[in-house]
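We count residues from 1, following the sequence as given. In listed order, ligands and their atoms are each counted from 1. Quick caveat: nothing in here was measured; it's all calculated off a predicted structure.
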Amino acid sequence: VMSILDLFYCGYRYFCTCFLQHLHKELHAHLNGSVSFSTIEKLVARKPHLNIEHGMTAIRSGQRRTLDECFQVLKVIHQLVDTEEDILMVAKDVIREFAADGVKYLELRSTPRKEKTTGMTKRRYVETVIEAIRQCKNEGVDIEVRFLVAVDRRNGAEVAMETVKLAEDFMLSTGGLVVGLDLSGDPTVGHGRDLLPALQKAKNCGLKLSLHLSEVPSQADESELLLNIPPDRIGHGTFLHPEVGGSQSLVDKVRKHNTPLELCLTSNVKGQTVSSYSQHHFLYWYQMGHPSVICTDDKGVFCTDLSQEYQLAASTFNLSQEDMWTLSQKAIDCTFAPDLQQQLHQKWLELRPTLFQL
Ligand SMILES: CC(C)=CCNc1ncnc2c1ncn2[C@@H]1O[C@H](COP(=O)(O)O)[C@@H](O)[C@H]1O
Ligand SMILES: [Zn+2]
(Lines give C-alpha, C1' and ligand atoms only; values in the text may rest on other atoms or scores of the structure.)
(Ligands and ions follow the chains in the order given, each with its own letter.)
Protein backbone atom coordinates (compact mmCIF):
# COMPACT_ATOMS: atom_id res chain seq x y z
CA VAL A 1 0.00 0.00 0.00
CA MET A 2 1.33 3.42 -0.91
CA SER A 3 1.48 6.11 1.72
CA ILE A 4 0.96 9.79 1.03
CA LEU A 5 4.69 10.21 1.29
CA ASP A 6 5.32 7.54 -1.32
CA LEU A 7 2.87 9.22 -3.63
CA PHE A 8 4.50 12.54 -3.01
CA TYR A 9 7.88 11.01 -3.71
CA CYS A 10 6.63 9.42 -6.95
CA GLY A 11 5.21 12.73 -8.01
CA TYR A 12 8.39 14.51 -7.12
CA ARG A 13 10.49 11.99 -8.95
CA TYR A 14 8.20 12.20 -11.96
CA PHE A 15 8.45 15.94 -11.87
CA CYS A 16 12.24 15.91 -11.60
CA THR A 17 12.65 13.24 -14.20
CA CYS A 18 10.40 15.06 -16.64
CA PHE A 19 12.27 18.24 -16.03
CA LEU A 20 15.70 16.74 -16.29
CA GLN A 21 14.84 14.46 -19.15
CA HIS A 22 14.65 17.35 -21.54
CA LEU A 23 17.97 18.80 -20.77
CA HIS A 24 20.59 16.41 -21.91
CA LYS A 25 23.84 16.42 -23.69
CA GLU A 26 26.18 13.53 -23.10
CA LEU A 27 29.82 14.23 -23.86
CA HIS A 28 31.65 11.39 -22.15
CA ALA A 29 30.36 7.92 -22.97
CA HIS A 30 32.56 4.91 -23.81
CA LEU A 31 30.67 2.71 -26.24
CA ASN A 32 31.42 -0.68 -24.68
CA GLY A 33 30.97 0.58 -21.16
CA SER A 34 27.53 1.91 -22.10
CA VAL A 35 26.05 -1.46 -23.10
CA SER A 36 22.78 -2.03 -21.23
CA PHE A 37 21.52 -5.17 -19.53
CA SER A 38 19.11 -5.96 -22.36
CA THR A 39 21.87 -5.69 -24.98
CA ILE A 40 24.16 -7.86 -22.85
CA GLU A 41 21.43 -10.50 -22.84
CA LYS A 42 21.29 -10.47 -26.63
CA LEU A 43 25.08 -10.76 -26.81
CA VAL A 44 25.16 -13.60 -24.29
CA ALA A 45 22.55 -15.44 -26.37
CA ARG A 46 24.83 -15.09 -29.40
CA LYS A 47 27.79 -16.49 -27.44
CA PRO A 48 26.53 -18.97 -24.86
CA HIS A 49 29.87 -20.80 -24.85
CA LEU A 50 31.52 -17.86 -23.06
CA ASN A 51 29.45 -18.56 -19.93
CA ILE A 52 29.17 -14.89 -19.06
CA GLU A 53 26.60 -13.85 -16.46
CA HIS A 54 25.24 -10.40 -15.94
CA GLY A 55 26.99 -9.99 -12.60
CA MET A 56 30.24 -9.97 -14.55
CA THR A 57 29.33 -7.02 -16.79
CA ALA A 58 27.89 -4.45 -14.41
CA ILE A 59 28.37 -2.92 -10.97
CA ARG A 60 25.02 -2.63 -9.29
CA SER A 61 23.60 -0.12 -6.88
CA GLY A 62 25.52 -0.04 -3.62
CA GLN A 63 28.38 -2.12 -5.03
CA ARG A 64 31.86 -0.78 -5.41
CA ARG A 65 34.96 -2.09 -7.12
CA THR A 66 38.52 -0.96 -7.43
CA LEU A 67 39.36 0.83 -10.65
CA ASP A 68 41.32 -2.24 -11.65
CA GLU A 69 38.24 -4.43 -11.22
CA CYS A 70 36.25 -1.96 -13.31
CA PHE A 71 38.68 -2.50 -16.18
CA GLN A 72 38.25 -6.26 -15.78
CA VAL A 73 34.51 -5.76 -16.28
CA LEU A 74 35.23 -3.97 -19.56
CA LYS A 75 37.38 -6.89 -20.69
CA VAL A 76 34.44 -9.24 -20.18
CA ILE A 77 32.25 -6.97 -22.31
CA HIS A 78 34.94 -6.89 -25.01
CA GLN A 79 34.75 -10.69 -25.19
CA LEU A 80 31.06 -10.38 -25.94
CA VAL A 81 31.49 -7.67 -28.58
CA ASP A 82 33.90 -8.97 -31.18
CA THR A 83 32.19 -8.90 -34.58
CA GLU A 84 30.92 -6.12 -36.85
CA GLU A 85 27.38 -7.34 -36.20
CA ASP A 86 27.91 -6.97 -32.46
CA ILE A 87 29.31 -3.46 -32.82
CA LEU A 88 26.40 -2.42 -35.01
CA MET A 89 23.83 -3.74 -32.56
CA VAL A 90 25.62 -2.34 -29.52
CA ALA A 91 26.07 1.12 -31.05
CA LYS A 92 22.45 1.33 -32.25
CA ASP A 93 21.09 0.15 -28.89
CA VAL A 94 23.27 2.60 -26.97
CA ILE A 95 22.23 5.52 -29.20
CA ARG A 96 18.52 4.62 -28.85
CA GLU A 97 18.88 4.33 -25.07
CA PHE A 98 20.48 7.74 -24.75
CA ALA A 99 17.72 9.18 -26.95
CA ALA A 100 15.06 7.51 -24.77
CA ASP A 101 16.67 9.16 -21.75
CA GLY A 102 16.14 12.56 -23.39
CA VAL A 103 19.68 13.07 -24.65
CA LYS A 104 19.55 15.33 -27.70
CA TYR A 105 23.26 15.45 -28.38
CA LEU A 106 25.63 12.55 -27.80
CA GLU A 107 29.36 12.19 -28.26
CA LEU A 108 30.28 8.53 -28.22
CA ARG A 109 33.86 7.39 -27.93
CA SER A 110 35.33 4.00 -28.62
CA THR A 111 38.68 2.30 -29.15
CA PRO A 112 38.99 0.70 -32.59
CA ARG A 113 39.66 -3.00 -32.01
CA LYS A 114 41.04 -5.63 -34.31
CA GLU A 115 39.83 -9.20 -33.75
CA LYS A 116 41.85 -11.83 -35.55
CA THR A 117 39.33 -14.59 -34.88
CA THR A 118 36.40 -12.77 -36.44
CA GLY A 119 38.28 -10.80 -39.09
CA MET A 120 37.20 -7.44 -37.70
CA THR A 121 39.67 -4.67 -38.50
CA LYS A 122 40.09 -1.29 -36.82
CA ARG A 123 38.89 0.48 -39.94
CA ARG A 124 35.77 -1.71 -40.15
CA TYR A 125 35.20 -1.13 -36.45
CA VAL A 126 34.99 2.64 -36.95
CA GLU A 127 32.98 2.28 -40.17
CA THR A 128 30.47 0.12 -38.32
CA VAL A 129 29.98 2.68 -35.55
CA ILE A 130 29.49 5.36 -38.21
CA GLU A 131 26.99 3.09 -39.96
CA ALA A 132 25.07 2.73 -36.67
CA ILE A 133 24.95 6.52 -36.28
CA ARG A 134 23.65 6.89 -39.86
CA GLN A 135 21.04 4.14 -39.45
CA CYS A 136 19.68 5.72 -36.26
CA LYS A 137 19.44 9.06 -38.05
CA ASN A 138 17.57 7.46 -40.97
CA GLU A 139 15.24 5.70 -38.56
CA GLY A 140 14.31 9.06 -37.09
CA VAL A 141 15.87 8.61 -33.64
CA ASP A 142 15.73 12.14 -32.17
CA ILE A 143 19.38 12.65 -31.30
CA GLU A 144 22.51 14.12 -32.88
CA VAL A 145 25.51 11.82 -32.51
CA ARG A 146 29.18 12.53 -33.03
CA PHE A 147 32.12 10.18 -32.60
CA LEU A 148 35.52 10.42 -30.90
CA VAL A 149 38.10 7.81 -31.82
CA ALA A 150 39.74 6.58 -28.63
CA VAL A 151 43.39 5.86 -27.92
CA ASP A 152 43.91 3.25 -25.24
CA ARG A 153 47.00 4.40 -23.35
CA ARG A 154 48.06 0.84 -22.62
CA ASN A 155 48.82 0.23 -26.30
CA GLY A 156 51.69 2.70 -26.49
CA ALA A 157 53.02 5.37 -28.84
CA GLU A 158 52.98 3.54 -32.13
CA VAL A 159 49.37 2.41 -31.91
CA ALA A 160 48.41 5.90 -30.71
CA MET A 161 49.93 7.40 -33.86
CA GLU A 162 48.15 4.87 -36.10
CA THR A 163 44.89 5.64 -34.34
CA VAL A 164 45.35 9.36 -34.92
CA LYS A 165 45.85 8.70 -38.64
CA LEU A 166 42.70 6.59 -38.70
CA ALA A 167 40.77 9.30 -36.87
CA GLU A 168 42.01 11.94 -39.30
CA ASP A 169 40.94 9.84 -42.31
CA PHE A 170 37.49 9.41 -40.84
CA MET A 171 37.17 13.04 -39.85
CA LEU A 172 37.71 13.90 -43.51
CA SER A 173 35.52 11.16 -44.97
CA THR A 174 32.47 11.18 -42.68
CA GLY A 175 31.25 14.69 -43.27
CA GLY A 176 31.95 15.77 -39.71
CA LEU A 177 30.68 12.76 -37.76
CA VAL A 178 34.15 12.01 -36.39
CA VAL A 179 35.04 15.13 -34.46
CA GLY A 180 37.87 14.22 -32.15
CA LEU A 181 40.20 11.97 -30.28
CA ASP A 182 39.88 10.58 -26.76
CA LEU A 183 42.73 9.39 -24.57
CA SER A 184 41.56 6.78 -22.09
CA GLY A 185 42.40 3.36 -20.71
CA ASP A 186 43.89 2.23 -17.42
CA PRO A 187 45.47 5.37 -15.93
CA THR A 188 48.05 3.31 -14.03
CA VAL A 189 49.55 1.98 -17.27
CA GLY A 190 51.94 3.92 -19.50
CA HIS A 191 52.89 7.60 -19.46
CA GLY A 192 51.42 10.46 -21.44
CA ARG A 193 54.84 11.73 -22.43
CA ASP A 194 55.15 8.87 -24.91
CA LEU A 195 51.81 9.76 -26.44
CA LEU A 196 52.49 13.47 -26.73
CA PRO A 197 53.56 13.43 -30.41
CA ALA A 198 50.40 11.55 -31.41
CA LEU A 199 48.16 13.87 -29.40
CA GLN A 200 49.87 16.93 -30.82
CA LYS A 201 49.46 15.60 -34.34
CA ALA A 202 45.76 15.04 -33.69
CA LYS A 203 45.34 18.57 -32.47
CA ASN A 204 47.23 19.99 -35.45
CA CYS A 205 45.09 18.20 -37.99
CA GLY A 206 41.90 19.61 -36.48
CA LEU A 207 40.71 16.78 -34.26
CA LYS A 208 39.30 17.96 -30.94
CA LEU A 209 41.04 16.43 -27.94
CA SER A 210 39.36 15.03 -24.85
CA LEU A 211 41.92 13.58 -22.47
CA HIS A 212 41.34 11.53 -19.32
CA LEU A 213 43.56 13.43 -16.91
CA SER A 214 44.45 12.88 -13.25
CA GLU A 215 41.95 10.06 -12.84
CA VAL A 216 44.23 8.62 -10.17
CA PRO A 217 46.50 10.55 -7.75
CA SER A 218 49.83 9.58 -9.31
CA GLN A 219 49.34 11.47 -12.55
CA ALA A 220 50.24 15.07 -11.65
CA ASP A 221 53.40 15.17 -13.81
CA GLU A 222 51.62 13.71 -16.77
CA SER A 223 48.75 16.20 -16.44
CA GLU A 224 51.23 19.05 -16.17
CA LEU A 225 52.66 17.96 -19.52
CA LEU A 226 49.42 17.18 -21.34
CA LEU A 227 47.71 20.38 -20.22
CA ASN A 228 50.30 22.29 -22.24
CA ILE A 229 48.92 20.94 -25.53
CA PRO A 230 46.20 22.11 -24.41
CA PRO A 231 43.32 19.62 -24.65
CA ASP A 232 39.82 20.83 -25.60
CA ARG A 233 38.19 18.98 -22.72
CA ILE A 234 39.30 16.98 -19.68
CA GLY A 235 37.83 13.67 -18.58
CA HIS A 236 37.46 13.35 -14.79
CA GLY A 237 40.36 15.53 -13.57
CA THR A 238 39.67 14.01 -10.16
CA PHE A 239 43.10 14.78 -8.70
CA LEU A 240 43.96 18.11 -10.30
CA HIS A 241 43.34 20.47 -7.40
CA PRO A 242 45.76 20.91 -4.48
CA GLU A 243 43.33 19.62 -1.81
CA VAL A 244 43.55 16.11 -3.26
CA GLY A 245 47.24 16.05 -4.09
CA GLY A 246 47.18 17.97 -7.38
CA SER A 247 48.51 21.52 -7.51
CA GLN A 248 47.57 25.14 -8.01
CA SER A 249 49.66 25.15 -11.16
CA LEU A 250 47.48 22.42 -12.65
CA VAL A 251 44.32 24.30 -11.72
CA ASP A 252 45.76 27.51 -13.17
CA LYS A 253 46.44 25.81 -16.49
CA VAL A 254 42.90 24.48 -16.68
CA ARG A 255 41.53 27.90 -15.75
CA LYS A 256 43.75 29.77 -18.19
CA HIS A 257 42.39 27.84 -21.15
CA ASN A 258 38.92 27.57 -19.65
CA THR A 259 39.07 23.84 -20.48
CA PRO A 260 35.75 22.16 -19.68
CA LEU A 261 35.69 19.11 -17.41
CA GLU A 262 33.59 16.02 -18.05
CA LEU A 263 32.43 14.83 -14.64
CA CYS A 264 31.03 11.37 -13.96
CA LEU A 265 29.77 11.08 -10.40
CA THR A 266 28.63 7.47 -10.17
CA SER A 267 31.63 6.20 -12.12
CA ASN A 268 34.04 7.82 -9.68
CA VAL A 269 32.13 6.69 -6.59
CA LYS A 270 31.69 3.09 -7.78
CA GLY A 271 35.29 2.96 -8.99
CA GLN A 272 36.35 4.32 -5.60
CA THR A 273 38.51 7.21 -6.74
CA VAL A 274 36.02 9.45 -4.90
CA SER A 275 34.84 8.40 -1.44
CA SER A 276 31.21 9.58 -1.69
CA TYR A 277 28.93 11.70 -3.85
CA SER A 278 29.26 14.67 -1.52
CA GLN A 279 33.05 14.49 -1.79
CA HIS A 280 32.96 14.65 -5.58
CA HIS A 281 35.13 17.33 -7.18
CA PHE A 282 32.08 18.59 -9.05
CA LEU A 283 31.63 21.03 -6.16
CA TYR A 284 35.17 22.40 -6.35
CA TRP A 285 34.85 23.33 -10.01
CA TYR A 286 31.19 24.31 -9.89
CA GLN A 287 31.76 26.79 -7.08
CA MET A 288 34.53 28.34 -9.13
CA GLY A 289 32.12 28.78 -12.04
CA HIS A 290 34.34 26.61 -14.20
CA PRO A 291 32.66 24.89 -17.18
CA SER A 292 31.76 21.35 -16.08
CA VAL A 293 29.56 18.86 -17.88
CA ILE A 294 27.80 15.99 -16.12
CA CYS A 295 28.33 12.70 -17.95
CA THR A 296 27.84 8.96 -17.47
CA ASP A 297 31.24 7.47 -18.52
CA ASP A 298 29.99 3.86 -18.73
CA LYS A 299 26.23 3.80 -18.14
CA GLY A 300 26.01 0.03 -18.57
CA VAL A 301 28.86 -0.90 -16.26
CA PHE A 302 27.77 1.59 -13.61
CA CYS A 303 24.01 0.96 -14.02
CA THR A 304 23.09 4.60 -14.46
CA ASP A 305 21.81 7.04 -17.05
CA LEU A 306 22.23 10.74 -17.61
CA SER A 307 18.94 11.73 -15.94
CA GLN A 308 20.05 9.89 -12.85
CA GLU A 309 23.44 11.61 -12.85
CA TYR A 310 21.77 15.03 -13.09
CA GLN A 311 19.40 14.02 -10.31
CA LEU A 312 22.30 12.91 -8.11
CA ALA A 313 24.16 16.17 -8.72
CA ALA A 314 21.01 18.17 -7.88
CA SER A 315 20.25 16.31 -4.66
CA THR A 316 23.86 16.02 -3.46
CA PHE A 317 24.77 19.66 -4.04
CA ASN A 318 21.37 21.20 -3.47
CA LEU A 319 20.98 22.60 -6.96
CA SER A 320 17.73 24.22 -8.03
CA GLN A 321 15.97 23.58 -11.31
CA GLU A 322 17.28 26.91 -12.51
CA ASP A 323 20.84 25.75 -11.66
CA MET A 324 20.28 22.48 -13.51
CA TRP A 325 18.90 24.32 -16.47
CA THR A 326 21.95 26.57 -16.63
CA LEU A 327 24.35 23.65 -16.18
CA SER A 328 22.71 21.85 -19.04
CA GLN A 329 22.58 24.93 -21.25
CA LYS A 330 26.26 25.72 -20.71
CA ALA A 331 27.19 22.21 -21.79
CA ILE A 332 26.20 23.20 -25.32
CA ASP A 333 29.28 25.40 -25.58
CA CYS A 334 31.47 22.44 -24.61
CA THR A 335 30.43 20.16 -27.45
CA PHE A 336 32.78 19.37 -30.31
CA ALA A 337 30.15 20.24 -32.91
CA PRO A 338 30.23 24.01 -33.40
CA ASP A 339 27.90 23.58 -36.37
CA LEU A 340 25.16 22.36 -34.04
CA GLN A 341 25.62 24.75 -31.14
CA GLN A 342 23.32 27.46 -32.43
CA GLN A 343 20.58 24.95 -33.20
CA LEU A 344 20.94 23.37 -29.73
CA HIS A 345 20.78 26.76 -28.00
CA GLN A 346 17.62 27.51 -29.97
CA LYS A 347 16.09 24.19 -28.92
CA TRP A 348 16.93 24.86 -25.27
CA LEU A 349 15.39 28.33 -25.33
CA GLU A 350 12.22 26.95 -26.91
CA LEU A 351 11.98 24.20 -24.31
CA ARG A 352 12.61 26.44 -21.33
CA PRO A 353 9.11 27.89 -20.81
CA THR A 354 7.47 24.46 -21.14
CA LEU A 355 9.85 22.96 -18.59
CA PHE A 356 9.33 25.52 -15.89
CA GLN A 357 5.56 25.10 -16.21
CA LEU A 358 5.64 21.37 -15.49
C1 LIG B 1 34.67 0.98 -16.02
C2 LIG B 1 35.84 1.86 -15.73
C3 LIG B 1 37.19 1.26 -15.78
C4 LIG B 1 35.66 3.18 -15.47
C5 LIG B 1 36.73 4.09 -15.16
N6 LIG B 1 36.87 5.12 -16.13
C7 LIG B 1 37.63 4.93 -17.26
N8 LIG B 1 38.87 5.43 -17.28
C9 LIG B 1 39.66 5.28 -18.37
N10 LIG B 1 39.27 4.64 -19.47
C11 LIG B 1 38.04 4.14 -19.49
C12 LIG B 1 37.16 4.25 -18.39
N13 LIG B 1 36.01 3.65 -18.72
C14 LIG B 1 36.17 3.17 -19.98
N15 LIG B 1 37.40 3.45 -20.44
C16 LIG B 1 38.00 3.08 -21.75
O17 LIG B 1 36.95 2.69 -22.61
C18 LIG B 1 37.13 1.36 -23.08
C19 LIG B 1 35.80 0.65 -23.21
O20 LIG B 1 35.04 1.22 -24.25
P21 LIG B 1 35.42 1.01 -25.79
O22 LIG B 1 35.85 -0.42 -25.97
O23 LIG B 1 36.53 1.98 -26.11
O24 LIG B 1 34.15 1.32 -26.53
C25 LIG B 1 38.04 0.75 -22.02
O26 LIG B 1 38.78 -0.34 -22.53
C27 LIG B 1 38.92 1.91 -21.61
O28 LIG B 1 39.99 2.05 -22.51
ZN1 LIG C 1 35.93 7.77 -19.24
Taking the six-membered ring for Trp and the single ring otherwise, decide whether the centroids of His28 and His236 are under 6.0 Å apart. yes

Would you check if the distance from the ring center of Tyr286 to the ring center of Phe317 is below 6.0 Å? no

Which residue owns the protein heavy atom closest to [atom], what's the atom, and how far is it?
atom                    : value
atom 10 (N) of ligand 1 : Gly185 N, 2.9 Å
atom 22 (O) of ligand 1 : His78 NE2, 2.6 Å
atom 2 (C) of ligand 1  : Cys70 CB, 3.5 Å

Taking 2.8 Å as the upper limit, name the protein N, O or S atoms near the Zn ion (ligand 2). His28 NE2, His30 NE2, His212 NE2, Asp297 OD1

In terms of side-chain heavy atoms, does [X] have a donor or acceptor partner in [Y] at a distance below 3.5 Å?
X      : Y      : value
Ser214 : Ser223 : yes
Asp252 : Ser249 : no
Gln342 : Gln346 : no
Glu215 : Thr273 : no

Mind checking whether [X] contacts ligand 1 via backbone (N, CA, C, O), side chain (CB onward), both or neither, at a 4.0 Å heavy-atom cut-off?
X      : answer
Asp297 : side chain
Asn32  : both
Asp152 : side chain
Ala150 : neither

Report the residue from Tyr310, Tyr105, Phe98 that forms a ring pair (Phe, Tyr, Trp, His ring centres under 6.0 Å) with His24. Tyr310

Which of the atoms of ligand 1 are close to [X], meaning less than 4.0 Å from one of its heavy atoms?
X      : value
Phe302 : 1 (C), 2 (C), 4 (C)
Ser184 : 10 (N), 16 (C), 28 (O)
Thr111 : 21 (P), 23 (O)
Leu31  : 24 (O)
Asp298 : 1 (C), 2 (C), 4 (C), 12 (C), 13 (N), 14 (C)
Leu67  : 5 (C)
Ser110 : 21 (P), 23 (O), 24 (O)

Can you check whether Thr296 reaches Thr266 side chain to side chain, under 4.5 Å on heavy atoms? no

If we only count heavy atoms from C-beta on, is the Ser184 to Arg109 side-chain gap below 4.5 Å? no

For ligand 1 and Asp186, I'd like to know whether there is a polar contact (N/O to N/O, distance under 3.5 Å). no

Look only at interatomic distance and state if Leu74 has a nitrogen or oxygen under 3.5 Å from any nitrogen or oxygen of ligand 1. no

So is Arg113 touching ligand 1 or not, going by heavy atoms under 4.0 Å? no

Which residue in the set Asp182, Leu108, Ile77, Leu74 passes side chain to side chain contact (heavy atoms under 4.5 Å, CB included) when paired with His30? Asp182

Which is closest to atom 14 (C) of ligand 1 by heavy-atom distance: His30, Gln72, His28? His30

I'd like the name of whichever of Arg153, Glu69, Glu215, Arg154 reaches closest to atom 5 (C) of ligand 1 through any heavy atom. Glu215

Please determine which of Lys137, Lys104, Lys25 meets the side-chain hydrogen bond (donor to acceptor under 3.5 Å, both in side chains) test together with Glu144. Lys137

Check: Gly180 main-chain N/O paired with Arg146 side-chain donor or acceptor under 3.5 Å: no

Would you compute the distance between atom CZ of Arg113 and atom CE of Met120 and round it to the nearest 0.5 angstrom? 5.0 Å

Can a cation-pi geometry be assigned to Arg233 and Phe336, taking NZ or CZ under 6.0 Å from the six-membered ring centre and within 45° of the ring axis? yes

My understanding is that only residues two or more places apart in sequence, or in another chain, count here; which of them pass side-chain contact (heavy atoms from CB on, under 4.5 Å) with Pro242? Gln248, Val251, Tyr284

